[in-house]
There are 2 protein chains.
Amino acid sequence: MKEQQLNKILGKAQDICNHSGGRLTSKRKGILELMLLSNVPLSAYEVTDKYNKSTGSSMAAMSVYRILDFLETEQLVHKLSSTNKYVACSHIACSHTHEIPQFLICGKCQSVKEIAIAKRIADELEQEVANAGYKLVNSQLELQCICEKCS
Amino acid sequence: MKEQQLNKILGKAQDICNHSGGRLTSKRKGILELMLLSNVPLSAYEVTDKYNKSTGSSMAAMSVYRILDFLETEQLVHKLSSTNKYVACSHIACSHTHEIPQFLICGKCQSVKEIAIAKRIADELEQEVANAGYKLVNSQLELQCICEKCS
DNA sequence: AACAGCAATGATATGATATATCAGCAAGAT
DNA sequence: ATCTTGCTGATATATCATATCATTGCTGTT
Ligand SMILES: [Zn+2]
Ligand SMILES: [Zn+2]
Ligand SMILES: [Zn+2]
Ligand SMILES: [Zn+2]
């Protein structure tokens, strides 16, 4: 990722936090930047190691969990429940609202592509859920795939 | 669940294992039965406790993990990655092939309903994945919902 | 500037989930 | 009967996540 692009995203992240009243502190920003620069999802402990190595600090995993929770609340990162790893949102700098995220996870190289689910599919899914007597609250789809490179 | 119904399912499970060459041992069968009788998903450790209490044995969690893995391979149980819990398949006694499972998980009472995703939606999803340059391998959808009773 | 209030982080402990590994055993095949 | 393979026991360890209380550092008020 180009530095210019990165700065744009970080700027937008700042805006999002300002708007919500959250504080994008330097640690939170550092973690977010690290996530943005990673091309694979990272576990909380991997984030901790990376952060500590790259900054020479010694933040505890506990703090990283808190920061990841914060970033998740702001929808700046997402947690993949199928792998217990975290990934930066691909749509931070986009202007559209954040739809149901759909993650395509490569089973070989672990790379992840976040796409927004088509409205039509989302509607149909919700309809199916309603037919079963349930009310859809909030979900993300995590699809096990093979990416172009690996296939 | 009626005992007759339970026996039918266990018989079908036996058939499935025979067909695949796996052995539905008494322990495996005991775990499966326990899962079938539970109306909420259970963690591996919860399964361990239940099994040990109901049989007076002292199986280690390690063995339960192995058994759950086996049952999962045979598609007799599924693992919900969003909650790290296991649930018996709802379609064991059905004759149709096992489609992409779609789990509706109630956020209040934890009950789970497993429905088969509509073919049309599955196709559309696969098409979306293909458009993104990925190839869908094998997925299940876990949707966070509120069930009828709880809403 | 002093203070109060609240948000963020530090520090430590513990709990929950999952895998690795090697040894012993049981069932079916030759 | 011996062999092979798959199943289970037993123990250790790795990985993921939360609980709790103390401390620090903003921010807005007096
Ligand atoms: Zn996103
Ligand atoms: Zn790949
Ligand atoms: Zn099923
Ligand atoms: Zn419910």
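In what follows, chains carry the letters A, B, and so on, assigned in the order in which the sequence lines appear, proteins first and then strands, with residues in each chain numbered from 1. Just so you know, these numbers use all the heavy atoms, side chains as well, and skip hydrogens, waters and symmetry mates. Since the structure is predicted, the reported quantities are computational estimates derived from the model, not experimental observations.
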So, OP1 or OP2 of [N]: does either fall under 4.0 Å of a side-chain N or O from [X]?
X: A/N84; N: D/dA17; value: yes
X: A/S63; N: C/dG10; value: yes
X: A/S43; N: D/dC16; value: yes
X: A/K79; N: D/dA17; value: yes

Earlier contact from the 5' end, DNA chain D, for B/G22 and B/A60 | B/G22
Is there a donor N/O on one and an acceptor N/O on the other, under 3.5 Å, for the side chain of B/R66 and the base of D/dG9?
-> yes
Is a donor-acceptor pair below 3.5 Å formed from side chain A/Y45 to base D/dA17, judging by atom type as modelled?
-> yes
Should we say atom NZ of B/K29 is surrounded by more than 12 heavy atoms from elsewhere, each under 6.0 Å from it?
-> no
Atom NE2 of B/H19 with >12 non-hydrogen neighbours under 6.0 angstrom | no
A/M62 CE - D/dT15 C1' separation (whole Å) = 16 Å
note: A/Y65, atom OH; C/dT12, atom P; distance rounded to Å ~ 19 Å
When B/R23 and B/K85 are each assigned the nearest nucleotide of DNA chain C, the 5'-most assignment goes to B/K85
Identify which nucleotide among D/dT8, C/dG10, C/dA18 has an atom closest to any side-chain atom of A/K27, counting heavy atoms from C-beta outward.
-> C/dG10
Taking NZ, NE, NH1 and NH2 as the nitrogens, is one of them in A/E99 or A/K119 under 4.0 Å from a carboxylate oxygen of the other?
-> no
